[in-house]
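What follows is a single structure, written as structure tokens, with notes after it.
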Amino acid sequence: MDGIDLPSIIIGAGSAIIILGFAAAGFVKGLTRMLVALIAISAGSLAAYWGFQRGDAIAGFIISDPDAWMSGAVGLILGLAVIFTARAIFGILIKPTKVKEGQKKNLGGLGSIVGIFCGGILVWFSFSAVRYVGTLAELQWAQACLAEEGKAQNIEKPALVVLRDLLEESIPGSFHKQYDPLN
């Protein structure tokens, strides 16, 4: 890499905006409310993942022959239900802790640190998702190109593969690729 190119600037700026947005939200909400939101979203994400993995069996209780997309729908519905339920339960438990009370106790700084952490995690896993989905799309593209008994066909690269390649060529993407434990 000879210098900073346009994809590096765009990806770096987008990542910084997301992280700073989470930091601002954490500062406004305060530590307690930000931690509650983090716990609710984490529980919802785990429930969505579990629902996605076992969606066929869960949908099998209602429909005798569930389609492939139903496992995704089960995961999404289950994840959202857990997020909203957890936020409602935590909202009842921390009812006295309003935004203004958190600002009076000066918990905004700690909330912004949690916000930076949450934003960084979101950006990191978004990069991982783009790289993973782009690789899967590239495999499907390669299969489609070689579908006719070894005769190579000229099929246009999918947009996800192009996006993954742009990410990996950028400075934030190369940093992510180098230090990603999920790679």
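Heavy atoms only: backbone and side chains are in, while hydrogens, waters and symmetry mates are out.
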Distance in Å, [X] [atom1] paired with [Y] [atom2], rounded so as to fall on 0.5 Å steps:
| X | Y | atom1 | atom2 | result |
| --- | --- | --- | --- | --- |
| Tyr132 | Phe125 | OH | CZ | 14.0 Å |
| Arg164 | Glu169 | CZ | CD | 10.0 Å |
| Glu168 | Arg131 | CD | CZ | 5.0 Å |
| Arg54 | Tyr49 | CZ | OH | 8.5 Å |

Practice task
Could you list who else is in Phe61's hydrophobic cluster, with ILVMFWY side chains joined at under 4.5 Å, directly or through other members?
Solution key: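 ILVMFWY cluster around Phe61 holds nothing else.
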- Task: Share the residues that join Phe84 in a hydrophobic cluster, the rule being Ile, Leu, Val, Met, Phe, Trp or Tyr side chains under 4.5 Å apart at the heavy-atom level.
- Result: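 For the cluster that includes Phe84, the remaining residues are Leu76, Leu80.
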Quick check: closest heavy atoms across [X] and [Y], and the distance to 0.1 Å?
| X | Y | result |
| --- | --- | --- |
| Leu78 | Ala47 | CD2-O, 3.4 Å |
| Pro158 | Ala137 | CG-O, 4.1 Å |
| Ile63 | Met70 | CD1-CE, 3.4 Å |
| Val123 | Ser15 | CG1-OG, 3.5 Å |
| Ile171 | Ser174 | O-OG, 2.9 Å |
| Phe52 | Gly72 | CD1-CA, 3.7 Å |

Same cluster or not: [X] versus [Y], using hydrophobic residues (I, L, V, M, F, W, Y) connected whenever any side-chain heavy atoms lie under 4.5 Å apart?
| X | Y | answer |
| --- | --- | --- |
| Ile19 | Val130 | yes |
| Leu163 | Leu167 | yes |
| Leu160 | Leu136 | yes |
| Ile41 | Leu122 | no |
| Val74 | Val82 | no |

Do Trp50 and Ile58 have side-chain heavy atoms sitting under 4.5 Å apart?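 Sidechains of Ile58 and Trp50: in contact.
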